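We number each residue from 1, following the sequence as shown. The shown structure was predicted, so the numbers you read here are calculated from the model rather than taken from an experiment. Read the numbers this way: they start at 1 and go in the same order the structure lists the ligands and their atoms.
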Amino acid sequence: MPSLYLHIPFCRRKCPYCDFFSVEGHSAFLAEYPRLLVRHLELAGSRQGWAGPLETVFFGGGTPSLLAPEAVGAILEAAARLFGLAADAEISLEANPGTVSADSLAGYRSAGVNRLSFGIQSLEESKLGLLERLHTPREAIDAVEWARQAGFDNLSCDLMFALPGQGVIALERELDHFLALDPEHLSCYGLSVEEGTPFAHRHRSGGLALPDEDLYAELFKAVHQRLSAAGYKHYEISNYARPGRTCRHNQRYWQRQDYLGVGAGAHSFCANGWGERYSVPADLALYRQELELGSDPAESLESFDRRGAMSEQLYLGLRTAAGVCEEEFRSRYGIGVAEAFPEAVTRVGKRLRFEQGRWRLDLHGWLLYDHLISEFL
Ligand SMILES: C[S@@+](CC[C@H](N)C(=O)[O-])C[C@H]1O[C@@H](n2cnc3c(N)ncnc32)[C@H](O)[C@@H]1O
Ligand code: SF4
């Protein structure tokens with residue numbers, strides 16, 4: 001088990017577009033949550049099959065930056081004690097710029113976190129207002145400066161594009177604001193309207209002027225062009241990195257390698273056999289109850305057969321620039337990609353390339369990913 005994901009399901013205020021599992025406000029659970037996570041790690045550690053040392057650790061959310069640095073330190077100590085921690089482990093933490101201070105960032109660095117992912121979304125006042133974010137552009141810029149002062153040399157920023165009323169010129173201006181922060185990594189997500197969120201409600205009643213398909217394509221390509229020209233590699237549909245700065249944790253996920261997920265709402269993947277995925281119910285009261293009874297709160301979500309494993313290997317691998325290696329696929333499944341999925345390969349056509357032993361989608365293929373990948377499922 002060389003990867004650990006910790007889900008921190010708390011947010012100071014829920015953003016109207018987001019459907020990640022998190023509860024609003026300083027829930028009473030937040031104070032006791034670190035203790036529950038350590039208990040969960042102990043239970044998972046005693047189960048066979050999860051063996052360290054950990055190569056990557058990821059505090060995701062929700063808003064992990066609501067945890068005190070001491071709590072992050074205690075969780076990391078427990079993880080190191082139970083599984084071991086590789087000397088060069090990547091330890092990431094997602095931070096909302098509206099919840100950090102120079103001191104808290106310095107505290108995370110001292111606790112062992114060596115990569116921060118800031119949910120900045122936009123550096124323009126009006127867009128942050130629309131997204132109902134907690135922070136101003138200035139506060140986001142300060143957070144990045146404080147992180148540098150605290151010694152972080154691996155920073156990522158989340159940017160949301162395809163926002164209501166946004167055209168290519170406005171997006172290019174936005175990208176330039178982000179580039180001025182000089183992050184090692186950028187995640188750029190097109191706004192997706194998620195069922196059950198206030199944005200979905202507003203969208204249905206005609207209150208969100210979202211870009212049409214053609215404009216979306218132009219925006220997606222504008223992100224690609226601007227960031228590529230600035231020296232970032234577009235290494236996954238939504239992710240860009242300076243050389244050597246891809247997110248190692250997510251790379252392992254896209255390669256279908258083992259990871260343990262702890263925390264309410266977390267998922268795990270165990271690659272034994274054709275692979276099995278587990279999930280922890282997204283319910284804090286149940287989470288506490290299970291842990292207090294000494295039982296592992298994870299339930300089996302999906303047990304893969306060979307066909308399902310092959311589909312998922314393509315589903316995840318084709319999101320990445322590295323794509324899927326034919327030789328590795330054949331040695332794992334005893335069959336090549338084109339033999340396993342002859343109709344899908346034909347239907348996806350020229351958007352799917354086979355070059356130097358690897359299958360990859362081109363840029364236009366990534367744009368049509370949801371549609372194209374359904375051919376393999
Ligand atoms: C789980 S959040 C973690 C960051 C932290 N909670 C924050 O917001 O500052 C991960 C990222 O997902 C993106 N995201 C969330 N909902 C989205 C949506 N509906 N459409 C596009 N991107 C979204 C945002 O960029 C967000 O920063
Ligand atoms: S975007 Fe981040 S801060 Fe906003 S609700 Fe989602 S997880 Fe919480």
Side-chain angles (χ1 to χ4, degrees), residues 5-27 29-30 33 58-67 92-101 104-105 108 113 115-124 127-137 139-144 147 155-164 166 171 174-175 178 181 183 185-203 208 210-211 216 219-220 223 236-240 247 249-250 253 261 263-267 282 284 369-370:
Y5 174 80
L6 302 117
H7 192 67
I8 314 299
F10 307 96
C11 291
R12 192 158 285 165
R13 193 175 69 210
K14 198 75 199 161
C15 305
Y17 51 84
C18 179
D19 77 341
F20 284 83
F21 168 55
S22 65
V23 298
E24 207 173 56
H26 273 277
S27 149
F29 279 106
L30 179 58
Y33 197 69
F58 196 102
F59 290 85
T63 309
S65 52
L66 289 177
L67 292 178
S92 304
L93 180 135
E94 287 183 335
N96 182 326
T99 64
V100 300
S101 65
S104 71
L105 294 178
Y108 294 138
V113 176
R115 181 174 183 276
L116 288 176
S117 173
F118 281 116
I120 294 180
Q121 325 308 354
S122 171
L123 286 163
E124 296 191 0
K127 298 274 185 285
L128 291 177
L130 172 93
L131 297 171
E132 297 177 30
R133 295 290 296 176
L134 293 172
H135 52 89
T136 62
E139 284 164 340
I141 295 165
D142 286 347
V144 169
L155 296 182
S156 180
C157 296
D158 291 348
L159 176 158
M160 286 172 68
F161 69 97
L163 301 178
Q166 188 177 47
L171 176 58
E174 180 80 279
L175 288 163
F178 274 76
L181 297 178
H185 187 283
L186 282 149
S187 299
C188 300
Y189 303 111
L191 172 65
S192 91
V193 174
E194 304 293 343
E195 218 28 70
T197 61
F199 265 27
H201 187 68
R202 227 177 282 175
H203 186 48
L208 275 187
L210 293 184
Y216 187 92
L219 295 167
F220 179 80
V223 177
E236 192 268 346
I237 295 179
S238 307
N239 286 288
Y240 294 81
C247 175
H249 183 85
N250 285 341
Y253 167 75
H267 287 199
L284 279 162
Y369 173 82
D370 288 345

| remark: Contacts for ligand 2, heavy atom under 4.0 Å, by chain and number, are Cys11, Lys14, Cys15, Tyr17, Cys18, Gly62, Thr63, Asn96, Arg133

| request: Could you grab the distance from atom CD1 of Ile120 to atom CD1 of Ile141, nearest 0.5 Å is fine? | output: 8.0 Å

| task | Look only at the side chain of Arg133 and the backbone of Gly119, and say whether a donor-acceptor pair between them is shorter than 3.5 Å. | result | yes

Considering only N or O atoms, set out every pair between ligand 1 and the protein closer than 3.5 Å, with distances to one decimal place.
| unit_1 | atom_1 | unit_2 | atom_2 | d |
| --- | --- | --- | --- | --- |
| ligand 1 | 6 (N) | Gly62 | O | 2.8 |
| ligand 1 | 8 (O) | Arg133 | NH1 | 2.9 |
| ligand 1 | 8 (O) | Arg133 | NH2 | 3.3 |
| ligand 1 | 9 (O) | Gly119 | O | 3.4 |
| ligand 1 | 9 (O) | Arg133 | NH2 | 2.7 |
| ligand 1 | 19 (N) | Tyr17 | O | 3.0 |
| ligand 1 | 19 (N) | Ser192 | O | 2.8 |
| ligand 1 | 20 (N) | Ser192 | N | 3.0 |
| ligand 1 | 25 (O) | Gln121 | OE1 | 2.7 |
| ligand 1 | 27 (O) | Gln121 | NE2 | 2.7 |
| ligand 1 | 27 (O) | Asp158 | OD2 | 2.6 |

| query | How many angstroms lie between atom SG of Cys18 and atom CD of Glu132, to the nearest 0.5 angstrom? | reply | 12.5 Å

| message | Under the rule for side chain to side chain contact (heavy atoms under 4.5 Å, CB included), what residues qualify as partners of Glu94, not counting sequence neighbours? | response | Phe58, Pro64, Ser117

| said: Working to the nearest 0.5 angstrom, can you tell me the gap between Asn96 CG and Cys15 SG? | reply: 7.0 Å

| Sole candidate of Leu163, Thr197, Val193, Leu131 that passes side-chain contact (heavy atoms from CB on, under 4.5 Å) when paired with Tyr17 | Leu131

| message | Below 30° counts as parallel, above 60° as perpendicular, anything between as tilted: where do the rings of Tyr5 and His249 land? | response | tilted

| Judged by atom type as modelled, is there a donor-acceptor pair below 3.5 Å linking the side chain of His7 to the main-chain atoms of Phe21? | yes

| remark: Contacts satisfying salt bridge (charged side-chain N to carboxylate O under 4.0 Å, His left out) that involve residues 189-198 (not counting sequence neighbours) are Glu195-Arg204

